[in-house]
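Just so you know, ligand 1 is whichever comes first in the structure, and atom 1 is the first atom listed for that ligand. Numbers for residues simply follow the sequence, beginning at 1. When reading the values below, keep in mind they use all heavy atoms of this one structure, side chains included, and skip hydrogens, waters and symmetry mates.
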Amino acid sequence: MDMSIKNIVDTNQDRRFIDAALRLARKHQGLTGTNPSVACIIVAQTGHGAMIVGSGVTAKGGRPHAEPPALAQAGKLAKGATAFVTLEPCAHHGKTPPCAQTLIDAGITRVVTAITDPDNRVNGKGHQMLIEAGIEVQQLDGGVAVQRVMQGYLKARTSSRPFVTLKMAMNEEGVIGSTQKGNLKISSVVSSYQTHLQRARHDAILVGSGTALFDDPSLDCRLPGLETRSPIRVILDEKSRLSESATVIKTALQKQTIIVSPVSAPLEWRQMLARNAAQHQVCEMDNGRIALPELMDDLAAIGIQSILVEGGAGIAKSFLEEDLVDEIVVHIGGCPDEPQTPAHAVYAPFTPKSLPAGFEICQTLNFGPDRSLRLRKSS
Ligand code: AOF
Ligand code: ZN
């Protein structure tokens, strides 16, 4: 063994490298299909101290996994080095050999991971393979960073449903719009940038056809440099109301768009969707409304692991009632052009003062003049 290469034992340093790996994993978040975006960093102790000698992230589409390219980059320096991997290395023979074996073969002597892989082909077996090969294995508590990067994958693998974030902008009274003017400009431009960032971080964005018709939104990410990270657009259209004049239909060729409606949707309407490259997703109905739990199952099955629900009050209420929401983001703004009279106000199913039961605030931020709350299910 090259004596200039040693293991790293400093836990603060471990934390920094695993955090760096988690940041790298974000690079392909949402682009790896049903596979999680994992990152692997190979760190060798050289005469100049700890040095990153290789790094890799799960390729777009899901393969190759993160470890082989990181090891290839490290070359001979992988021998005796430490691998920081955001997920337990796989132990199964899938379309590629097990990454745990690839790490063993490369001569890695220590592996630090952020989380055990809940995939039942792995689930502890990757760590076990490494330990049996004499490799020191340490799993750090990945904390919030892991949640952010892996929450979609973890939810989809453990419950076969996507992780659902409900995002709403409202004033202090819970007003989100007006029956006369539709959507109101409630939050500031800073909150709007944050929303676009949230869109980039989710696999899909979901609204009802009412929002798609009246507000005619693009539902994409327009942050400079992140335009290609726009989520898949999912529009619930149980009555087949969307037409070729809607922006989401007009731009479906450029941005993947899924229109959800029951099997009874008229043939000409479906042909109109096909002509415009909008996908039609047939859904089950429950008492005349789209069966959301079944729809979530179907979307997870096609690789959608995280959804940002940006629909109106009705959609938000339905998702909450069906207990499908994992996280709520509320932007609270001043609503400069509020409805003329309270009678025209459209209210969210909750207000900043009466938040939905079963959720607790885990973060409060200021976005320009607005307050933003992040709520998680109470444990
Ligand atoms: C790793 N490194 O970069 C990723 C892993 O269909 P396959 O064969 O690609 O296997 C998919 C599973 O592999 C996935 O569910 C998860 O358990 C693991 N993903 N593992 O060691 C990686 N992306
Ligand atoms: Zn693997």
Side-chain angles (χ1 to χ4, degrees), residues 17-43 52 54-74 78 81-133 135-140 142 145-163 201 203 297 299-306:
F17 283 124
I18 207 81
D19 283 349
L22 284 161
R23 284 193 294 277
L24 180 61
R26 284 195 152 177
K27 187 170 168 205
H28 286 171
Q29 213 180 343
L31 304 175
T32 51
T34 54
N35 224 326
S37 175
V38 174
C40 173
I41 290 182
I42 311 291
V43 177
I52 295 180
S55 66
V57 59
T58 313
K60 290 183 189 172
R63 282 169 221 102
H65 287 182
E67 295 88 331
L71 290 168
Q73 208 177 69
T82 297
F84 292 85
V85 199
T86 57
L87 182 73
E88 173 187 9
C90 67
H92 64 287
H93 283 271
K95 300 211 170 69
T96 49
C99 290
Q101 191 59 49
T102 313
L103 291 165
I104 296 167
D105 294 345
I108 291 288
T109 51
R110 186 163 175 258
V111 174
V112 180
T113 62
I115 197 160
T116 304
D117 186 351
D119 186 312
N120 53 25
R121 293 169 296 177
V122 189
N123 206 2
K125 296 187 200 88
H127 284 150
Q128 197 53 38
M129 264 177 88
L130 296 168
I131 292 165
E132 280 167 13
I135 293 177
E136 186 191 334
V137 176
Q138 195 172 358
Q139 193 186 305
L140 290 184
V146 168
Q147 272 178 20
R148 293 272 162 77
V149 182
M150 305 292 274
Q151 62 195 10
Y153 171 70
L154 296 177
K155 178 84 193 291
R157 263 293 169 280
T158 53
S159 71
S160 300
R161 292 216 176 135
F163 185 94
R201 286 181 178 155
D203 292 353
D297 295 348
L299 294 180
I302 57 168
I304 295 180
Q305 299 183 342
S306 59

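Contact record, Val57 with Lys27: CG1-CD, 4.5 Å, taken as the closest heavy-atom pair.
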For Phe163 and Asp203, run side-chain contact (heavy atoms from CB on, under 4.5 Å): C-alpha distance rounded to whole Å, both residues' side-chain angles, the deciding distance at 0.1 Å, then the answer.
CA-CA 10 Å; Phe163 185 94; Asp203 292 353; over 6 Å; no
Could you go through Glu136 and Thr109, starting from their C-alpha distance and side-chain angles, then the distance that decides it, and tell me whether this counts as side-chain contact (heavy atoms from CB on, under 4.5 Å)?
CA-CA 6 Å; Glu136 186 191 334; Thr109 51; over 6 Å; no
Any chance you could lay out the side-chain contact (heavy atoms from CB on, under 4.5 Å) test for Val38 and Thr32, step after step, and finish with the verdict?
CA-CA 9 Å; Val38 174; Thr32 51; over 6 Å; no
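Here the side chain of Gln305 pairs no donor or acceptor atom with the backbone of Gly30 at under 3.5 angstrom. For Gln29 (side chain) and Ser37 (main-chain N/O), no donor-acceptor pair under 3.5 Å exists by modelled atom type. Lys125 places a side-chain N or O within 3.5 Å of a backbone atom of Asn120 that can act as its donor or acceptor partner. In terms of modelled atom types and a separation under 3.5 Å, the side chain of Thr86 and the main chain of Leu22 share no donor-acceptor contact. Looking only at distances, no side-chain donor or acceptor of Gln138 sits under 3.5 Å from a matching main-chain atom of Arg110.
Close approach to Asn35 involves these atoms of ligand 1, each under 4.0 Å from a residue heavy atom: 4 (C), 5 (C), 9 (O), 11 (C), 12 (C), 13 (O), 14 (C), 16 (C), 18 (C), 19 (N), 23 (N). Heavy-atom contacts of Pro89 reach the following atoms of ligand 1: 21 (O) (cutoff under 4.0 Å). With ligand atoms numbered from 1 in the order given, ligand 1 contributes 1 (C), 20 (N), 21 (O) to contacts under 4.0 Å with heavy atoms of Cys90.
Residue-to-ligand polar distances keep Cys99 apart from ligand 1: every N/O pair is separated by 3.5 Å or more. Of the N or O atoms in Glu67, one or more lie within a sub-3.5 Å distance of an N or O in ligand 1. Looking at ligand 1, you won't find any N or O of Gly62 less than 3.5 Å from one of its N or O atoms. For ligand 1, the polar-atom distance check against Val122 finds no nitrogen or oxygen pair separated by under 3.5 Å.
Here the protein heavy atom with the shortest distance to atom 10 (O) of ligand 1 is His92 NE2, 3.1 Å. Here the heavy atom of the protein found nearest to atom 1 (C) of ligand 1 is His65 ND1, 3.4 Å.
When the heavy-atom distances from atom 18 (C) of ligand 1 to Leu103, Thr113, Asp117 are ranked, the shortest goes to Asp117. Looking at Arg121, Arg157, Arg63 and measuring to atom 7 (P) of ligand 1, the nearest heavy atom belongs to Arg63.
Ser306 and Gln151 form no side-chain donor-acceptor contact under 3.5 Å, judged by distance and modelled atom types alone.
Of all protein N/O/S atoms, those lying under 2.8 Å from the Zn ion (ligand 2) come to 3.
When Thr96, Val85, Thr102, Thr58 are each tested for a side chain to side chain contact (heavy atoms under 4.5 Å, CB included) with Glu67, only one passes: Val85.
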Sequence neighbours left out, cut at 3.5 Å: what donor-acceptor pairs do the side chains of residues 126-133 make with other protein atoms?
{"from": "His127", "atom 1": "NE2", "to": "Thr113", "atom 2": "OG1", "distance (Å)": "2.9"}
{"from": "Gln128", "atom 1": "NE2", "to": "Glu132", "atom 2": "OE2", "distance (Å)": "3.2"}

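Neither the backbone nor the side chain of Ser37 comes within 4.0 Å of ligand 1, counting heavy atoms alone.
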